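Below you'll find the structure, written out as structure tokens, and then a few comments.
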Amino acid sequence: MPEKIPFRERFQYWLDNQFSRGTGALILWLGILSLAVIVVAGGIIALLGIAPAGSERLSFLEAAWQSLMRTLDAGTMGGDEGLGFRIIMFLVTLGGIFVISTLIGVLTSAVEGKLEDLRKGRSRVLETNQIVILGWSEQIFTIITELIAANENVEKPCIVILGKKDKVEMEDEIASKVEDRKNMRIICRSGDPMDVADLNLVSLNQARAIVVLSPEGNDPDSEVIKAVLAVVNHPNRDPEKTFHIVAEIYEPENMDAALVVGRGQVEWVLVGDFVARVVAQTCRQSGLSVVYTELLDFGGDEIYIKPEPRLTGKTFGEALLAYRTNTVLGIRKPNTMPCLNAPMDQVIEAGDELIVIAEDDDKIFLTLDQPVQIQEAQIVSGHIAPKQSEATLLLGWNRRGATIIRELDNYVAPGSEVTIVADVDTVGTDLEICCSELTNQKITFQQADTTNRRVLEGLNLRRFNHIILLCYSDTMDVQRADAHTLVTLLHLRDIADRDGTKFTIVSEMLDIRNRNLADVTRADDFIVSDKLVSLMMAQITENKYLNGVFTDMFDPEGSEIYLKPAAEYIQLGKPVNFYTIVETARRRNQVAIGYRLQANSQDAAHGYGVKINPDKAEMVTFTDHDRIVVISEE
């Protein structure tokens with residue numbers, strides 16, 4: 001037999017349920033209670049004919065109005081006369097004090113709660129064509145800065161950030177580190193990028209692009225993959241919309257899972273391999289780091305992909321000379337990967353797009369009507385010096401060390417050597433597993449403290465062509481690892497300055513803030529950090545097809561960027577225009593994109609002597625040690 005529950009308990013249960021429905025329910029019931037007090041008081045006064053002393057009988061409406069005034073203002077009853085009228089109005093005033101005061105308190109709490117929600121960043125963003133950044137790390141400031149530069153000519157650009165931080169903290173950090181926002185609006189929301197409900201805050205269906213950043217921690221790839229999975233499979237997603245997602249992965253072994261999750265909608269940036277390839281390439285060629293930075297940031301000239309119907313039917317080789325102030329790099333055919341340094345006789349077909357270097361996307365101009373002057377007398381037949389063996393010193397060690405050595409093996413001549421000095425006892429095992437099939441390099445390993453000045457001086461640094469300085473990121477936390485790198489870097493710079501030793505130094509920094517502590521004073525003294533990755537991600541955010549361009553550019557297979565001696569292309573000591581250099585490179589199945597003047601190699605104001613995308617009609621006089629920047633297979 002069911003238990004008989006008293007009416008008092010049932011009423012209390014019903015009342016609890018009503019109040020638990022939130023602020024709206026409280027306001028509703030308090031309003032109803034206030035109305036009931038006013039109506040009951042007005043009805044009693046009207047029915048019983050109660051009126052103030054010396055006054056006529058009040059109608060119901062007038063009595064209700066008098067009751068309302070006393071509920072809102074307790075002082076109103078001070079002038080009442082007549083015993084009955086005073087008693088009724090006193091009771092109404094007491095009810096008003098209780099009900100209205102409670103109502104005011106509820107409204108105050110509701111407003112404070114709403115303000116707290118706004119401060120927490122929990123309201124939904126109603127924007128269109130915005131760029132959404134999911135996650136928070138030090139990379140975000142570089143990405144924001146680059147996106148601001150890229151969208152200067154865009155009407156009402158907007159960046160929406162969803163991160164696991166307090167909204168006010170995010171806004172304060174951005175304000176302190178991104179000084180000039182130009183016309184960019186930046187909106188922050190607090191939430192978990194892996195939480196489907198939190199993703200509703202940033203209006204993914206209206207986003208132009210989505211950037212997923214790796215969080216700080218021991219296993220960032222799993223969080224990135226889960227965040228992408230939440231975006232791709234979001235229940236509120238517009239089924240007709242194809243997302244443009246840019247995300248980073250650190251470990252190559254996680255790429256297969258990432259590709260499955262992305263469903264072809266994600267441009268994945270493999271950070272570990274990218275950094276290893278940049279280190280391997282920049283350590284061998286002085287000034288290459290400046291070239292990469294110039295192409296990856298939005299501060300000067302950058303890469304664009306643009307259709308050019310007027311060149312349909314012409315060859316790629318002819319297109320190289322069809323622009324005076326722009327440089328053609330390659331071709332992108334529909335539904336295929338971009339191809340840098342395409343075959344010179346390849347015909348440009350309808351629907352093809354050209355990969356072009358330009359100052360901006362609205363500054364790409366064909367100059368078919370302008371004469372092209374090739375100075376045939378300046379072109380040399382092309383004696384190419386044979387490759388020489390190289391000696392590389394690698395200081396420090398982490399999981400990217402073996403990849404860097406393998407990448408180096410693709411570029412150096414046979415008989416080269418790599419000397420590894422690191423305070424890690426697992427290096428030998430790593431080399432046996434990952435570097436047992438090298439063809440051009442011999443490896444030696446010495447276990448020692450790389451921050452010890454005596455150890456460094458005992459290595460005879462003069463015999464090395466290149467020095468690579470890696471962080472101990474596998475055995476130390478970020479700040480300790482960067483501290484070791486900084487100390488070693490300072491020792492190396494001091495030794496080089498005292499002895500006059502000439503070598504390139506490529507260093508790795510984990511925290512971009514520490515990179516700023518080690519000011520770069522030469523193009524040969526390059527620091528690789530997540531900033532380079534951030535620059536590339538910003539570029540891909542603006543144009544997803546650039547991911548294929550950068551993949552081709554940094555892949556040892558195919559064509560890469562080289563700085564080759566100017567003497568191999570033109571006669572030295574005589575003025576020559578860049579049209580002639582482009583033509584010389586074209587005859588060797590190469591694409592010339594710029595040059596480096598040794599006289600300015602130490603001058604940061606002149607880009608350390610590097611000039612990318614020069615005006616082809618301008619005259620330049622090259623001397624010994626100057627270089628031509630080309631895209632070539634070797």
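Keep in mind that the numbers below use all heavy atoms, side chains included, and drop hydrogens, waters and symmetry copies. Note that the structure is a prediction, hence the values are computed from the model and not measured.
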With a 6.0 Å cut-off (strictly less than), is the heavy-atom count around [atom1] of [X], excluding the residue itself, greater than 12?
X	atom1	value
Tyr545	OH	no
Gln373	CD	no
Asn335	CG	no

Sub-4.5 Å side-chain heavy-atom contact between [X] and [Y]:
X	Y	value
Asp180	Ile148	no
Arg596	His625	no
Ile357	Ile612	yes
Gln446	Leu459	yes
Leu270	Thr551	no
Phe550	Ile540	yes
Leu546	Ile303	yes
Val271	Ile249	no

Q: Ignoring hydrogens and angles, tell me if any N or O in the side chain of Glu318 forms a donor-acceptor pair with the backbone of Thr315 under 3.5 Å.
A: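 Yes, the answer is positive, given that a donor and an acceptor are paired below the 3.5 Å cut-off.
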
Q.
Out of the candidates Thr450, Thr485, Asn398, Asp423, only one should pair with Tyr472 under the side-chain hydrogen bond (donor to acceptor under 3.5 Å, both in side chains) rule; please name it.
A.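 Passing option: Thr450.
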
When rounded to the nearest 0.5 angstrom, what distance separates [atom1] in [X] from [atom2] in [Y]?
X	Y	atom1	atom2	value
Ile140	Ile159	CD1	CD1	8.5 Å
Ile379	Tyr569	CD1	OH	12.5 Å
Ile355	Asp552	CD1	CG	8.0 Å
Tyr250	Arg399	OH	CZ	8.5 Å

Does the side chain of [X] pick up a donor-acceptor pair with the side chain of [Y] at under 3.5 Å?
X	Y	value
Tyr411	Gln285	no
Glu248	Gln139	yes
Asp615	Thr325	no
Glu308	Tyr323	yes

Q. Do the charged groups of Arg498 and Glu457 touch, with an N to O distance under 4.0 Å?
A.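 So Arg498 does not pair with Glu457 through a salt bridge.
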
Q) With a 4.0 Å cut-off, would you call Arg277 and Glu407 a salt bridge? A)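 Yes, charged N to carboxylate O under 4.0 Å.
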
Q) Checking Lys564 against Tyr562: charged group under 6.0 Å from the ring centre and within 45 degrees of the axis? A)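 Satisfied, under 6.0 Å and within 45°.
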
Q. Is Arg627 positioned over the aromatic face of Tyr595, cation under 6.0 angstrom from the ring centre and no more than 45 degrees off axis?
A.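 Arg627 over Tyr595 ring: no.
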
**Q.** Phe554/Phe274 aromatic ring centres below 6.0 Å
**A.**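 Yes, they do, as the ring centres are separated by less than 6.0 Å.
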
Identify every side-chain donor-acceptor pair in residues 337-347 under 3.5 Å, counting partners at least two apart or on other chains, and give the distances.
unit_1	atom_1	unit_2	atom_2	d
Asn341	ND2	Ser559	OG	3.3
Asn341	ND2	Asn589	O	3.0

